[in-house]
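Worksheet: one structure, shown below.
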Amino acid sequence: MMACQTGRYFLVGSNHAETKYRVLKIDRTEPKDLVIIDDRHVYTQQEVRELLGRLDLGNRTKMGQKGSSGLFRAVSAFGVVGFVRFLEGYYIVLITKRRKMADIGGHAIYKIEDTNMIYIPNDSVRISHPDEARYLRIFQNVDLSSNFYFSYSYDLSHSLQYNLTVLRMPLEMLKSETTQTRQESFDIFEDEGLITQGGNGVFGISSEPYMKYVWNGELLDIIKNTVHRDWLLYIIHGFCGQSKLLIYGRPVYVTLIARRSSRFAGTRFLKRGANCEGDVANEVETEQILCDASVMSFTAGSYSSYVQVRGSVPLYWSQDISTMMPKPPITLDQADPFAHVAALHFDQMLQRFGSPIIVLNLVKEREKRKHERILSEELVAAVTYLNQFLPPEHTIIYIPWDMAKYTKSKLCNVLDRLNVIAESVVKKTGFFVNRPDSYCSILRPDEKWNELGGYVIPTGRLQTGVLRTNCVDCLDRTNTAQFMVGKCALAYQLYSLGLIDKPNLQFDTDAVRLFEELYEDHGDTLSLQYGGSQLVHRVKTYRKIAPWTQHSKDIMQTLSRYYSNAFSDADRQDSINLFLGVFHPTEGKPHLWELPTDFYLHHKNTMRLLPTRRSYTYWWTPEVIKHLPLPYDEVICAANLKKLVVKKFHKYEEEIDIHNEFFRPYELSSFDDTFCLAMTSSARDFMPKTVGIDPSPFTVRKPDETGKSVLGNKSNREEAVLQRKTAASAPPPPSEEAVSSSSEDDSGTDREEEGSVSQRSTPVKMTDLGDSAKVTENVVQPMKEVYGINLSDGLSEEDLSIYLRFVQLGQSQHKQDKSSQQFCSRCPDGVIKLTPISAFSQDNIYEVQPPKVDKKSTEIFHAHIQASQGIMQPLGKEDTSMYREYIRNRYL
């Protein structure tokens, strides 16, 4: 809440339970400086009311004068994005609306829905500037309600592996880094901690965010050392989606988080390659998290994650869009014979992910007119040069694969080849899981599981290394390749949690369809942010099962992308530069819109002399190479310990009571607020509604059998069949890959003689019966599809012997004679009674011991039943006073 006075603003913040409060005082009398006072005192609810009451009373004008200078509420908000100044005074940016998008271990992840930007200085001290309004419009062109995410208690800038590794760090190593050397009043934002041995204290640990993926770091930089750390709310930009995979009633959450880099950020044609510090354009870290939703605690639950990265080719290159060509020529801007910029980039990756670094290069290699091949030749030369100095076990693995060429070939299947690459990649990097291998995997070892890489620790497995995928734009081809790698990793994750018997997932299952939809939303969102349109080519396009209507949609997406690149990307680039603090407006210097280019803003070596360059041979950071294959950021060392903040709590404090923090049993709540997250479910949205179908999400189904059609038509089933019939019988379109000349998968002038491959047959049989043909559906399903076997077939001798042994075992346990069973099975009143069928009463499925209920609970239940019938119980004095107190605290 922000309260306003004539001379100052008061920012009042509270915890989730609204039992602890902090207050910031912001001075409004300074025209250009930001003066913030944090008293670093924790108030109770009563104390903060008294404080605001005294401020209101002490600042009111005398009776009889017009107006009032008392305290009034200016706005209610959910967090502070930051403070920004252009040419006049400072603005404060507040989050006024939010929406819950995901839940990880009881930690809620929210999407910003709306913000409010408030000018801080009073009108009486405001010094107007004619260009202030234009800068304000440019800043607000960055739509904060579009794919910006935050969490109060979970660090979104780091991976799950980092967060859980830090959380379980031995306490003895952190004693020297407690808050005695820091600001004493600083608390921790994490809800879970490490319980000390033999005491009532609980230690909480938090780490500094990874600023590369934080988008409001520059906005919070001015107050970072002034206010309490609880005021600092770091936001990320990218994508966040969560779906529920229901496995025979067991809920498993599949979460996809994409973090877009805030360094060298921009739009498609205006940001290519890398800058002088090794940061590449369109760099996105994608993490898929799998968790057993039945236990939500990080310490007791089962969690697994896998991380992969996309980013532009790490070279000095660009494309000139002034020619208004759909495919501008690729130009290498600077000669880099010693791969200096690539060395900086891969050094960053080794520090964050460890080794091996696997580069999957999807750009074209065979072209009649040399275009994309320029990047391939330079990239392979850079990787070859860097590898000759690395230890052989930690060299960069380079995988070139011309995906566009394979797509047009009649003899090759794109996804089959990608699946082979995905298997080899996941086996090399491994994945993260916070529990040791299950006993079933030890008892029945799988060949693929035994070949899995990564780093095995007593508490689970760690991912070491990462896959880095790139094409030219890192949009369509990259998203399909990342989906195939993610699908392969998902199989290993499910296997590690004991949910499937083999680490393998097939297409056309509910689980893969759910994961594919999640990845397509992820790809569309990232494509809109960087390219200005949704994906042009999807997984269905490469599977050759896309409907015939998809061809026109691809054309529209291509036109949208071309329009955005040609007319609106420049304004978006200016907004990003201003929002991220790449450009700071200064009096007497050229304005942002007067700059001919922003090249000098992103390449700092052009504005000043940088320190001495790194060695051309020892191009890595020495500390990083010592700890490989483990990532240096997760290694316990003095440099990393300085990034941690530790504080001791009493075990009954609210900060560590995750149950009360999540469920809030102390206040009246509604279903809309408690269950505000409506995620996609495999049982509701993908599983067939036909009775008798196997409910397993890992069963292969026909396209027209699923709850949500693969072809995208959810309402008309016959139309979907007709679309498939038309697509299969009609000749293919003139090259699906050449739908657009501006898309990244187009063939341009290098079309080969192979042409376009014909549509692959769909799993549904279709027969052409002429004009009078009618599409009929077989309502009665074969017994093989319903039960998995043909009951009319005779049993084998082995199956029969197993069944006979099972019957004999059951007869030895069932000692009830038939006469007593027939007598007890039916009662005179016609009601069937369930009688014990086993001599052991404890294992009888029909024997139920009702729970003992006290008298008060029985009265409450009867009152609830009567209330449903309209018979209301009179409220007592205690109930009335409790309700009044709740209304007073909540709304007054």
Side-chain angles (χ1 to χ4, degrees), residues 84 86-87 130-148 215 218 237-238 260-276 279-284 311-313 316-334 472-475 525-534 536 556-586 589-604 606-607 740-744:
V84 63
F86 308 123
L87 296 172
D131 295 317
E132 179 75 9
R134 185 168 183 178
Y135 275 116
L136 183 61
R137 286 196 302 270
I138 294 175
F139 183 87
Q140 292 177 337
N141 278 343
V142 176
D143 188 6
L144 284 170
S145 63
S146 174
N147 308 118
F148 283 89
W215 276 64
E218 187 70 23
H237 184 40
R260 180 175 290 280
S261 173
S262 60
R263 298 175 185 171
F264 204 51
T267 53
R268 184 185 178 199
F269 285 127
L270 298 178
K271 284 293 162 283
R272 295 295 210 188
N275 63 5
C276 63
D279 302 310
V280 297
N282 194 24
E283 184 173 5
V284 182
S312 187
V313 179
Y316 289 120
W317 66 280
S318 62
Q319 287 181 280
D320 185 13
I321 60 172
S322 60
T323 56
M324 297 294 290
M325 295 173 59
K327 290 181 63 176
I330 293 175
T331 306
L332 294 175
D333 299 329
Q334 297 182 33
V472 177
D473 296 323
C474 302
L475 297 179
T525 303
L526 298 182
S527 182
L528 278 168
Q529 294 167 7
Y530 182 66
S533 73
Q534 293 182 350
V536 176
M556 293 306 298
Q557 294 299 336
T558 301
L559 294 176
S560 174
R561 185 176 294 184
Y562 176 75
Y563 175 84
S564 175
N565 299 154
F567 301 105
S568 63
D569 277 4
D571 294 336
R572 289 173 55 206
Q573 185 65 58
D574 288 344
S575 302
I576 293 173
N577 290 339
L578 187 62
F579 183 86
L580 293 176
V582 178
F583 176 85
H584 294 277
T586 307
K589 291 188 177 181
H591 296 297
L592 178 61
W593 51 87
E594 295 175 351
L595 297 178
T597 177
D598 65 349
F599 179 85
Y600 308 100
L601 301 177
H602 292 274
H603 295 77
K604 296 180 181 179
T606 60
M607 303 297 291
S740 69
S741 57
S742 66
S743 71
E744 57 172 334

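No hydrogens, no waters, no symmetry mates; every other heavy atom, side chains included, goes into these values.
- For the pair S261 and A265, the tightest heavy-atom approach, listed with the atom from each and the gap, is O-CB, 3.6 Å.
- Taking every heavy atom of both residues into account, A274 and V280 meet most closely at CB-CG1, 3.8 Å.
- Using a 4.5 Å heavy-atom threshold, the side chains of Y135 and V84 count as separate.
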> Would W215 and L144 count as a side-chain contact (heavy atoms from CB on, under 4.5 Å) if you check the C-alpha gap in whole Å, the side-chain angles of each, and the deciding distance to 0.1 Å?
Replying inline: CA-CA 10 Å; W215 276 64; L144 284 170; over 6 Å; no

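- Distance check, rounded to the nearest 0.5 Å: CG of L601 to CG of L595 gives 6.0 Å.
- One finds the CG atom of L87 at 11.5 Å from the CG atom of L136 (value rounded to the nearest 0.5 Å).
- The CH2 atom of W593 sits 12.0 Å away from the CG atom of D571 when rounded to the nearest 0.5 Å.
- When all heavy atoms are compared, the tightest approach of N147 to Q529 is CB-NE2, 3.4 Å.
- Using a 4.5 Å heavy-atom cutoff, the side chains of E218 and V582 are not in contact.
- Using a 4.5 Å heavy-atom threshold, the side chains of V284 and Y530 count as separate.
- A pairwise comparison of heavy atoms in W317 and S312 identifies CZ2-OG, 3.3 Å as the closest pair.
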>> I'd like to know whether L578 forms a side-chain contact (heavy atoms from CB on, under 4.5 Å) with F86, so could you lay out the CA-CA distance, the side-chain angles of the two residues, the decisive distance to 0.1 Å, and finally the verdict.
In response: CA-CA 9 Å; L578 187 62; F86 308 123; 4.0 Å; yes

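- Rounding to the nearest 0.5 angstrom, the gap separating the OG1 atom in T267 from the CD1 atom in I576 is 6.5 Å.
- Contact detail for S575 and I138: the closest heavy-atom pair is OG-O, 2.9 Å.
- At a threshold of 4.5 Å between non-hydrogen side-chain atoms, the residues V472 and R272 count as touching.
- A distance below 6.0 Å separates the ring centres of H603 and F264.
- Taking the six-membered ring for Trp and thresholds of 30 and 60 degrees, F148 and H237 have nearly parallel ring planes, at less than 30 degrees apart.
- Here the straight-line distance linking atom OG1 of T597 with atom CD of Q573 works out to 9.5 Å at 0.5 Å rounding.
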> side-chain contact (heavy atoms from CB on, under 4.5 Å) between N577 and H602: does it pass, once the steps are laid out?
Replying inline: CA-CA 9 Å; N577 290 339; H602 292 274; 3.0 Å; yes

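- The closest side-chain donor-acceptor pair between R260 and N282 falls under 3.5 angstrom.
- Taking a cutoff of 4.0 Å between a charged side-chain nitrogen and a carboxylate oxygen, K271 and D598 qualify as a salt bridge.
- R268 CZ to Q319 CD: the interatomic distance, rounded to the nearest 0.5 Å, is 7.5 Å.
- The two residues C474 and G311 make their nearest non-hydrogen contact at SG-O, 3.1 Å.
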